[in-house]
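The first residue in the sequence is number 1, and the count goes up from there.
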Amino acid sequence: QVTLVESGGGLVHPGGSLRLSCAASGKIFSIDTMGWYRQPPGKQRELVASINGGGSTDYADSVKGRFTISRDNAKNTVYLQMNSLKPEDTAVYYCNADGIYSGYGGPYDYWGQGTQVTVSS
């Protein structure tokens with residue numbers, strides 16, 4: 001079936017940068033919107049950024065000007081470039097793909113398993 005796998009998380013100092021990647025695998029015909037969510041410790045999951053099939057992007061106010069979302073449709077991959085990281089960015093980051101048509105039908109939504117991002121001095 002369709003699987004989303006995130007990578008690129010880790011420990012970084014305040015002001016540093018990380019680049020997250022999420023690759024969707026399987027017999028995929030098309031994907032509508034891809035996005036990144038995060039869940040800080042003890043808090044609910046929240047939208048960080050999204051990019052739709054037409055290339056339009058949306059960002060949470062807290063990350064505007066610091067994070068950039070992009071996608072490579074040929075690779076079924078979405079990226080999140082995170083710059084000027086702050087301690088409050090610490091969270092588990094989850095990849096989401098909305099509206100996947102695949103060999104299993106569709107449209108269906110899929111989630112990655114999450115990758116930890118820790119910003120600390």
Side-chain angles (χ1 to χ4, degrees):
Q1 63 174 349
V2 172
T3 302
L4 304 184
V5 179
E6 301 108 330
S7 62
L11 176 65
V12 66
H13 295 312
S17 298
L18 285 173
R19 187 181 188 232
L20 305 183
S21 299
C22 173
S25 63
K27 190 175 176 60
I28 297 170
F29 302 143
S30 64
I31 303 174
D32 186 7
T33 301
M34 304 188 77
W36 290 94
Y37 293 73
R38 67 186 181 188
Q39 187 168 11
K43 298 183 178 181
Q44 294 186 334
R45 184 179 61 192
E46 64 181 0
L47 174 67
V48 177
S50 65
I51 180 167
N52 70 14
S56 296
T57 59
D58 190 33
Y59 295 93
D61 288 341
S62 60
V63 307
K64 287 181 179 178
R66 300 188 297 121
F67 292 9
T68 302
I69 189 170
S70 60
R71 65 192 289 175
D72 185 337
N73 290 332
K75 298 180 179 179
N76 289 322
T77 300
V78 63
Y79 306 93
L80 185 68
Q81 178 66 46
M82 304 185 294
N83 298 325
S84 302
L85 283 161
K86 305 174 181 179
E88 51 263 44
D89 295 318
T90 296
V92 177
Y93 284 69
Y94 295 93
C95 175
N96 171 257
D98 181 350
I100 291 182
Y101 287 86
S102 73
Y104 301 95
Y108 298 118
D109 292 348
Y110 293 88
W111 291 89
Q113 80 287 349
T115 184
Q116 177 70 48
V117 171
T118 302
V119 184
S120 176
S121 59

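- In E88, the CD atom is crowded: over 12 heavy atoms of neighbouring residues, nucleotides or ligands sit closer than 6.0 Å.
- Looking at residues two or more places apart in sequence or on another chain, you find no ring pair (Phe, Tyr, Trp, His ring centres under 6.0 Å) involving Y59.
- The hydrophobic cluster around W111 extends to Y37, L47, V92, Y94, counting ILVMFWY residues whose side-chain heavy atoms fall within less than 4.5 Å of a member.
- Atom CD of E46 is separated from atom CD of Q39 by 9.5 Å, given to the nearest 0.5 angstrom.
- Looking at every heavy atom in both residues, T77 comes nearest to K75 through OG1-O, 2.9 Å.
- The disulfide bond (SG atoms under 2.5 Å apart) analysis of residues 52-94, with sequence neighbours excluded, yields no pairs.
- If you take OG1 on T68 and OH on Y79, they are separated by 14.5 Å, rounding to the nearest 0.5 Å.
- A donor-acceptor distance shorter than 3.5 angstrom exists from the side chain of R71 to the backbone of N52, with no hydrogens or angles considered.
- Listed for the T90 side chain is a donor-acceptor partner under 3.5 Å among the backbone atoms of V119.
- K64 pairs by the side-chain hydrogen bond (donor to acceptor under 3.5 Å, both in side chains) definition with D61, not counting sequence neighbours.
- Taken from CD1 in I51 to CG in D58, the straight-line distance is 11.0 Å, to the nearest 0.5 Å.
- With contacts defined as side-chain heavy-atom distances shorter than 4.5 Å, the pair M82/R66 does not qualify.
- Partners of N76 under the side-chain hydrogen bond (donor to acceptor under 3.5 Å, both in side chains) rule, at least two apart in sequence or in another chain, do not exist in this structure.
- A distance of 9.0 Å separates CZ of R38 from CG of L80, quoted to the nearest 0.5 Å.
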List the atom pairs, with distances to 0.1 Å, where a side-chain N or O of residues 1-29 and a protein N or O form a donor-acceptor pair under 3.5 Å, not counting sequence neighbours.
unit_1: E6; atom_1: OE1; unit_2: Q113; atom_2: N; d: 2.9
unit_1: E6; atom_1: OE1; unit_2: Q113; atom_2: NE2; d: 3.2
unit_1: E6; atom_1: OE1; unit_2: G114; atom_2: N; d: 2.9
unit_1: E6; atom_1: OE2; unit_2: C95; atom_2: N; d: 2.7
unit_1: E6; atom_1: OE2; unit_2: G114; atom_2: N; d: 3.2
unit_1: H13; atom_1: ND1; unit_2: S120; atom_2: O; d: 3.1
unit_1: S17; atom_1: OG; unit_2: N83; atom_2: OD1; d: 2.9

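- Atom CD1 in I69 sits 8.0 Å away from atom CE in M34 (nearest 0.5 Å).
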